[in-house]
Engineer: 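Below: one structure in structure tokens.
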Amino acid sequence: MIGTKKIVVVLPAYNAAKTLERTFNEIPGSIVDEVVLVDDNSTDDTIEVGKSLGIKHIIPHEKNKGYGGNQKSCYNKALELGGDIVIMLHPDYQYTPKLIESMAYLIANDVYPVVLGSRILGKGALKGGMPWYKYVANRILTLSQNILMSQKLSEYHTGYRAFSKEVLEATAYNSNSDDFVFDNQMLAQIFYKGFEIAEITCPTKYFEEASSINFKRSAIYGLGVLKVSLQYRFAKWGLIKPAYLA
């Protein structure tokens, strides 16, 4: 805990057996109260590895629900456990768990209600091996999103995120997509509700075991992201409001 704030780290997993132990071992037990592992019907030994590490809260999906569906299970369980600060960390070891304390303290001290670990601040993305086409697409999408949503984030596509309980309770994340665009719908919800978001520089690592989506899925994701940004702009103008922004 930090003061009276209970810290829950959630791990949305899919075929993370090779990297889960390294990720889990770097989670700071000095402040983290609970760890939740949600396995999205992996074909490897993710659940067995999680049990061997002593992870108490393991949720297996009997069928693959997608990245967004996995996060829904993560956040629902974290709130059920009474989490005041919930941090999503990918168990593929692409993001360092060593930033958990910094992210948590910003929320615990009421500086910001949401904190993102940004790969773009500094030179973390390219230095860590992000493919050039993904870097360029990230920059173009982020510029478009900032214009449409009147914000100034360095990126909208990081998977390293920390939320206060109040933010999770105020956003209808269970109505979001079960696919990758879930992340951007959630950011749109957060901004629509008037919450501010902080970013901290996050080194990242791209390697064989780290999760990634192919070019086709990336293109579909990019179009989905632009759709979310346009929906947000139309909602702010009072023209059309999608259900997830209600």
Side-chain angles (χ1 to χ4, degrees), residues 6-81 83 85-104 115-119 124-125 128-130 134 155 157-163 168 173 178-180 182-183 186 200 202-214 217 221:
K6 184 174 184 178
I7 316 297
V8 179
V9 170
V10 296
L11 307 172
Y14 180 70
N15 290 342
K18 293 182 178 179
T19 54
L20 177 56
E21 182 174 2
R22 278 185 289 174
T23 304
F24 179 77
N25 286 340
E26 289 187 15
I27 293 174
S30 58
I31 66 164
V32 174
D33 299 279
E34 306 282 3
V35 175
V36 176
L37 173 68
V38 178
D39 179 74
D40 201 24
N41 198 234
S42 294
T43 57
D44 66 3
D45 298 327
T46 297
I47 290 179
E48 287 70 23
V49 173
K51 289 179 178 177
S52 72
L53 293 171
I55 297 177
K56 186 165 58 174
H57 306 287
I58 299 178
I59 302 173
H61 284 172
E62 294 184 1
K63 64 178 183 178
N64 187 280
K65 294 186 177 182
Y67 179 57
N70 193 315
Q71 286 191 65
K72 292 174 188 179
S73 295
C74 284
Y75 302 140
N76 290 338
K77 183 62 176 179
L79 291 176
E80 178 188 318
L81 292 171
I85 299 172
V86 180
I87 301 172
M88 178 178 72
L89 172 67
H90 288 186
D92 62 358
Y93 203 63
Q94 189 176 108
Y95 302 98
T96 174
K98 295 178 181 179
L99 290 178
I100 286 174
E101 291 175 309
S102 299
M103 298 170 79
V115 183
L116 305 181
S118 172
R119 301 165 295 178
M130 177 185 279
K134 288 191 174 185
E155 74 156 325
H157 316 290
T158 175
Y160 203 177
R161 302 171 174 225
F163 309 97
L168 291 178
Y173 61 82
D178 285 340
D179 210 342
F180 288 99
F182 172 96
D183 275 348
M186 196 167 182
I200 62 173
C202 175
T204 187
K205 297 176 279 294
Y206 286 81
F207 52 95
E208 185 177 353
E209 289 83 10
S211 61
S212 184
I213 59 175
N214 59 35
R217 292 294 300 279
Y221 167 76

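Counting begins at 1 with the first residue of the sequence. Just so you know, these numbers come straight off a predicted model, no measurement behind them.
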Engineer: Taking it one step at a time, do Lys51 and Ile55 satisfy side chain to side chain contact (heavy atoms under 4.5 Å, CB included)?
Structural biologist: CA-CA 6 Å; Lys51 289 179 178 177; Ile55 297 177; over 6 Å; no
Engineer: Distance-only, no hydrogens or angles: does the Thr158 side chain make a donor-acceptor pair with backbone N or O of Ser118 under 3.5 Å?
Structural biologist: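 Not confirmed, Thr158 side chain does not pair with Ser118 backbone.
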Engineer: For the residue pair Phe24 and Leu53, what are the closest heavy atoms and their distance?
Structural biologist: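 Closest pair (atom of Phe24, atom of Leu53, distance): CE2-O, 3.6 Å.
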Engineer: What pair of heavy atoms forms the shortest contact from Glu62 to Asn41, and how long is it?
Structural biologist: O-ND2, 3.2 Å
Engineer: Give the minimum heavy-atom separation between His157 and Tyr221, together with the two atoms involved.
Structural biologist: ND1-OH, 2.6 Å
Engineer: Donor-acceptor check, side chain of Tyr160 to backbone of Thr96, threshold 3.5 angstrom: yes or no?
Structural biologist: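 Yes; judged by distance alone, with no hydrogens or angles, the pair exists.
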Engineer: Evaluate the side-chain proximity of Ser73 to Val38: yes if any heavy-atom separation is below 4.5 Å, no if none is.
Structural biologist: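 Answer yes - side chains close enough.
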Engineer: Can you tell which of Ile27, Val35, Val32, Val86 makes a side-chain contact (heavy atoms from CB on, under 4.5 Å) with Ile7?
Structural biologist: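 With Ile7 as partner, Ile27, Val35, Val32, Val86 yield a single side-chain contact (heavy atoms from CB on, under 4.5 Å), made by Val32.
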Engineer: Donor-acceptor pair, Glu155 side chain versus Arg119 backbone, under 3.5 Å?
Structural biologist: yes
Engineer: What distance separates Lys98 NZ from Cys202 SG, expressed to the nearest 0.5 Å?
Structural biologist: 12.5 Å
Engineer: Between Thr46 (side chain) and Ser42 (backbone), is there a donor-acceptor pair under 3.5 Å?
Structural biologist: no
Engineer: Minimum heavy-atom separation for Ala104 to Ile87, with atom names?
Structural biologist: CB-CD1, 4.0 Å
Engineer: Using distance alone, with no hydrogens and no angle criterion, decide if His61 and Asp40 have a side-chain donor and acceptor under 3.5 Å apart.
Structural biologist: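 There is such a pair (donor and acceptor under 3.5 Å, judged by atom type) between the side chains of His61 and Asp40.
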Engineer: For Glu34, is the CD atom crowded, meaning more than 12 foreign heavy atoms sit under 6.0 Å from it?
Structural biologist: yes
Engineer: Which heavy-atom pair separates Thr23 from Leu89 by the least distance, and what is that distance?
Structural biologist: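 Residues Thr23 and Leu89, closest heavy atoms: CG2-CD2, 3.6 Å.
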Engineer: Give a yes or no on whether the backbone of Ala17 and the side-chain of Asp44 come within a donor-acceptor separation of less than 3.5 Å.
Structural biologist: yes
Engineer: To the nearest 0.5 Å, what is the distance between CG on Leu81 and NZ on Lys56?
Structural biologist: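 If we round to the nearest 0.5 Å, Leu81:CG and Lys56:NZ are 8.0 Å apart.
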Engineer: With side chains defined as the heavy atoms from C-beta onward, is the minimum distance between Leu37 and Leu20 less than 4.5 Å?
Structural biologist: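 With C-beta onward as the side chain, the pair touches.
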Engineer: Does Gln71 reach the side chain of Asp183, with side-chain heavy atoms less than 4.5 Å apart?
Structural biologist: yes
Engineer: Are Tyr93 and Glu26 side-chain neighbours, meaning at least one heavy-atom pair lies under 4.5 Å?
Structural biologist: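 A side-chain contact under 4.5 Å exists here.
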Engineer: For Val8, is there any backbone N or O sitting under 3.5 Å from a side-chain donor or acceptor partner on Asp33?
Structural biologist: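 Not confirmed, Asp33 side chain does not pair with Val8 backbone.
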Engineer: Could you walk me through whether Ile59 and Asp39 pass the side chain to side chain contact (heavy atoms under 4.5 Å, CB included) test, one step at a time?
Structural biologist: CA-CA 6 Å; Ile59 302 173; Asp39 179 74; over 6 Å; no
Engineer: Are the side chain of Lys77 and the backbone N or O of Ile58 linked by a donor-acceptor pair below 3.5 Å?
Structural biologist: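 Checking the backbone N and O of Ile58 against the side chain of Lys77, no donor-acceptor pair under 3.5 Å is found.
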Engineer: Taking the ring centre of each residue, are His90 and Tyr67 less than 6.0 Å apart?
Structural biologist: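 Here the rings of Tyr67 and His90 have centres that are less than 6.0 Å from each other.
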Engineer: Check Pro28 against Pro97 and note the closest heavy-atom contact, atom names and distance.
Structural biologist: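 Scanning both residues completely, I find the closest heavy atoms to be CD-O, 3.9 Å.
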Engineer: Short question: side chain of Arg217, backbone of Phe180 - any donor-acceptor pair under 3.5 Å?
Structural biologist: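 A pair under 3.5 Å: no.
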Engineer: For residues Phe163 and Tyr75, establish whether the separation of their ring centroids is below 6.0 Å.
Structural biologist: yes
Engineer: Have a look at Asp178 and tell me which of Lys72, Lys65, Lys63 forms a salt bridge (Lys or Arg N to Asp or Glu O under 4.0 Å) with it.
Structural biologist: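 Of the listed options, the one satisfying the test is Lys72.
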Engineer: Can you find a heavy atom in the side chain of Phe182 that is under 4.5 Å from one in the side chain of Asn70?
Structural biologist: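 Phe182 vs Asn70: side chains apart.
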Engineer: Is it the case that Tyr14 and Asn64 place a side-chain donor and acceptor less than 3.5 Å from each other?
Structural biologist: no
